[in-house]
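Just so you know, these numbers come straight off a predicted model, no measurement behind them. One-based numbering, in listed order, for ligands and for the atoms of each.
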Amino acid sequence: MRSADSTSRRIAVLASGRGSNLQAILDAIAEGRLAAEIAGVFSDKPGAHALERVPERLRWSADAKSFPFREAFDAALADAVDAVQPDWIVCAGYMRILGADFVRRFRGRLLNIHPSLLPKYRGLHTHRRALEAGDTEHGASVHFVVPELDAGAVIAQVRIPVLPDDSPETLAERLLPREHRLLIDVLALCLSGRVAEQGEGVLLDGHPLFTPLQLDCGA
Ligand code: GAR
């Protein structure tokens, strides 16, 4: 892995669906808000809209179902990611669980954005679960990826209030633009070498982060 200096700016993005978080990264780069380049976009869904957001030379996809077992797909994905020499790998709406071997290979530079205030609501249907629990606050988290699902150290979060007549859809819609800003802010910290994973925790500017950063990502 290259050290965290001015060249630590190649980002590989893993995405399974529409790719609005990928688009937020592309926009931030194009507008000079993020000093980075997209090294490649990788998907387990060959038809994912996310892939269409970048030129063909940056796309890789394979249908996980055409591989004999989970580890075979993960190994192919890992080789493809490695081939583009990314400094950071970002799961941005990547909906397939990454196996332990994949995580080990990229540990420390593997991030995920998750639509809940972790450790609440790991996994799916986070908006519905927040409403069902009667939460007055909801949000999103960016964390380092570890083999256990959505269990890695959280770097930063953004919070929004839950409104009385919110549905899972309205909650998701209000959260999404904040998610995008959160992801860009965290990537800027990571790419500038200010954030690192250490053991089960996060270092910010060389000091342990005891609680996740709470970022103001107001629309
Ligand atoms: C985002 O809301 C992201 O947080 C979520 O999927 C959506 C993808 O949107 N990720 C997860 O739920 C991961 N567990 P996008 O494809 O438009 O970026």
Enumerated ligand 1 atoms positioned under 4.0 Å from heavy atoms of Ile113: 4 (O), 10 (N), 13 (C)
Do any nitrogen or oxygen atoms of Ser20 lie less than 3.5 angstrom from nitrogen or oxygen atoms of ligand 1? yes
Report yes or no: does Arg181 contribute a side-chain atom to a donor-acceptor pair with the main-chain N or O of Pro177 at less than 3.5 Å? yes
Quick one: does any side-chain atom of Arg53 pair with a main-chain N or O of Gln23 as donor and acceptor, under 3.5 Å? no
Ring geometry between Phe144 and Trp88 (parallel below 30°, tilted from 30 to 60°, perpendicular above 60°): tilted
Under the side chain to side chain donor-acceptor pair (under 3.5 Å) test against His127, which residue among Arg174, Glu169, Glu173, His138 passes? His138
Does Asn112 reach ligand 1 with a nitrogen or oxygen that is under 3.5 Å from one of the ligand's nitrogen or oxygen atoms? no
So is there a nitrogen or oxygen of Gly19 less than 3.5 Å from a nitrogen or oxygen in ligand 1? yes
Protein heavy-atom partner closest to atom 13 (C) of ligand 1 - residue, atom, separation in Å: Met95 SD, 3.8 Å
What do you reckon, is CG of Asp216 surrounded by more than 12 foreign heavy atoms closer than 6.0 Å? no
What is the nearest protein non-hydrogen atom to atom 8 (C) of ligand 1, stated with its residue, atom name and distance? Gly93 CA, 3.6 Å
Do me a favour and list the nearest non-hydrogen protein atom to atom 2 (O) of ligand 1 with residue, atom name and distance? Glu179 OE2, 2.9 Å
For Arg70, is there an ion pair with Asp101 - N to carboxylate O distance below 4.0 angstrom? no
So which heavy atom in the protein is nearest atom 14 (N) of ligand 1, and how far is it from that ligand atom? His114 ND1, 3.3 Å
So for ligand 1, is Asp150 a polar contact partner (N or O within less than 3.5 Å, distance only)? no
What residue and atom, counting heavy atoms only, is the protein's closest point to atom 12 (O) of ligand 1, and at what distance? Pro115 CD, 3.3 Å
Quick one: does any side-chain atom of Ser61 pair with a main-chain N or O of Lys45 as donor and acceptor, under 3.5 Å? no
Starting from atom 9 (O) of ligand 1, locate the nearest protein heavy atom and write down its residue, its atom name and how far away it is, to 0.1 Å. Arg18 NH2, 3.3 Å
Cluster check Leu98, Val154: I/L/V/M/F/W/Y, side chain < 4.5 angstrom: no
